[in-house]
**Student:** 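Quick one: the structure is below, questions incoming.
Chain identifiers are assigned alphabetically (A, B, ...) following the order of the sequence lines, protein sequences preceding nucleic acid strands; residue numbering begins at 1 within each chain.
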Amino acid sequence: SNGETSPTVSMAELEHLAQNISKSHVETCQYLREELQQLSWQAFLQDEVDGYQSKPREVMWQLCAIKITEAIQYVVEFAKRIDGFMELCQNDQIVLLKAGSLEVVFVRMCRAFDTQNNTVYFDGKYAGPDVFKALGCDDLITSVFDFAKSMCSLHLSEDEIALFSAFVLLSADRTWLQEKLQVEKLQQKTQLALQHVLQKNQREDGILSKLRCKVSALRSLCARHSENLSAFRAVYPDIVRSHFPPLYKELFGP
Amino acid sequence: KEKHKILHQLLQNSTSPVDL
């Protein structure tokens, strides 16, 4: 709070890292915020909602897997542009992306979420939870929408979303990391940069602990996505094998 | 490595397959 940081990281270094991460986020965020706000009045019409609801379950799963995979490709690019990420060993880069890329997609989702109408930008328009009915996982969808709503209630700025995304991605407690210490150092620096940005933006005390709570919510969402995918795969193994994007299968494979 | 072929490719490519 007095402007001092850990003795090993200078203020200039934190400022530089915060700038690097914010820039990487803007360059790889898939949709600009202004673009999303302009589109927010475009919600799906009832007959379009009916169209999604009457799709066969496997077709809707495939569509969502494609959309998630597209979003994840941007997250991979975000990771690559974070100072220090590409210096980690390749095993750890993969471990972090396997565990964290969907979490970052959920964080980024709050940018594309309209709290007033409880809708999210999906497949060209804003969609409510009913659009995803055919997936057959109402509880997961409700949790994802609730998460987006609670993230929105924090009113994070773009640089705060960027720094929080990097913090989530660089989690040093993921299983199978080979050089845990390196990841830990990078995550600590990112956390300091996040604190620095929060202070600079004059955010209220307690915002950091609210963000920490979101970390466990994200883990639970991803665990539930995996459970729902396993249940789907048990019924439609061939659909997953032949029609799901290869990157999605690599990330969420059994 | 074989198990994460696409991730490896994405990490090694200087430009991403997505149109950024």
**Student:** Are the side chains of A:Glu250 and B:Lys3 in contact, using a 4.5 Å heavy-atom criterion?
**Tutor:**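 A side-chain contact under 4.5 Å is absent here.
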**Student:** Looking only at atom types and distance, does a side-chain atom of A:Lys80 sit under 3.5 Å from a main-chain N or O of B:Leu10, one as donor and one as acceptor?
**Tutor:** yes
**Student:** With heavy-atom distances below 4.5 Å as the criterion, would you say the side chains of A:Phe85 and B:Leu11 are in contact?
**Tutor:** yes
**Student:** Are more than 12 heavy atoms from other residues, nucleotides or ligands located less than 6.0 Å from atom NZ of A:Lys185?
**Tutor:** no
**Student:** If I measure from the heavy atoms of chain B, does A:Leu97 come under 4.5 Å with its side chain, its backbone, both, or neither?
**Tutor:**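 Side chain only.
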**Student:** Report which part of A:Leu251 has an atom under 4.5 Å of a heavy atom belonging to chain B: side chain, backbone, both, or neither.
**Tutor:**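 For A:Leu251, side-chain heavy atoms alone lie under 4.5 Å from chain B.
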**Student:** NZ of A:Lys67: more than 12 outside heavy atoms within 6.0 angstrom?
**Tutor:**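 Atom NZ in A:Lys67 is packed in, count exceeds 12.
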**Student:** Can you tell me if NZ on A:Lys189 sees more than 12 non-hydrogen neighbours from other groups inside 6.0 Å?
**Tutor:** no
**Student:** Under 4.5 Å between any side-chain heavy atoms of A:Lys98 and B:Leu7, yes or no?
**Tutor:** yes
**Student:** Would you name the heavy atoms of B:Ile6 and A:Leu247 that are closest together and state the gap between them?
**Tutor:** CD1-N, 3.8 Å
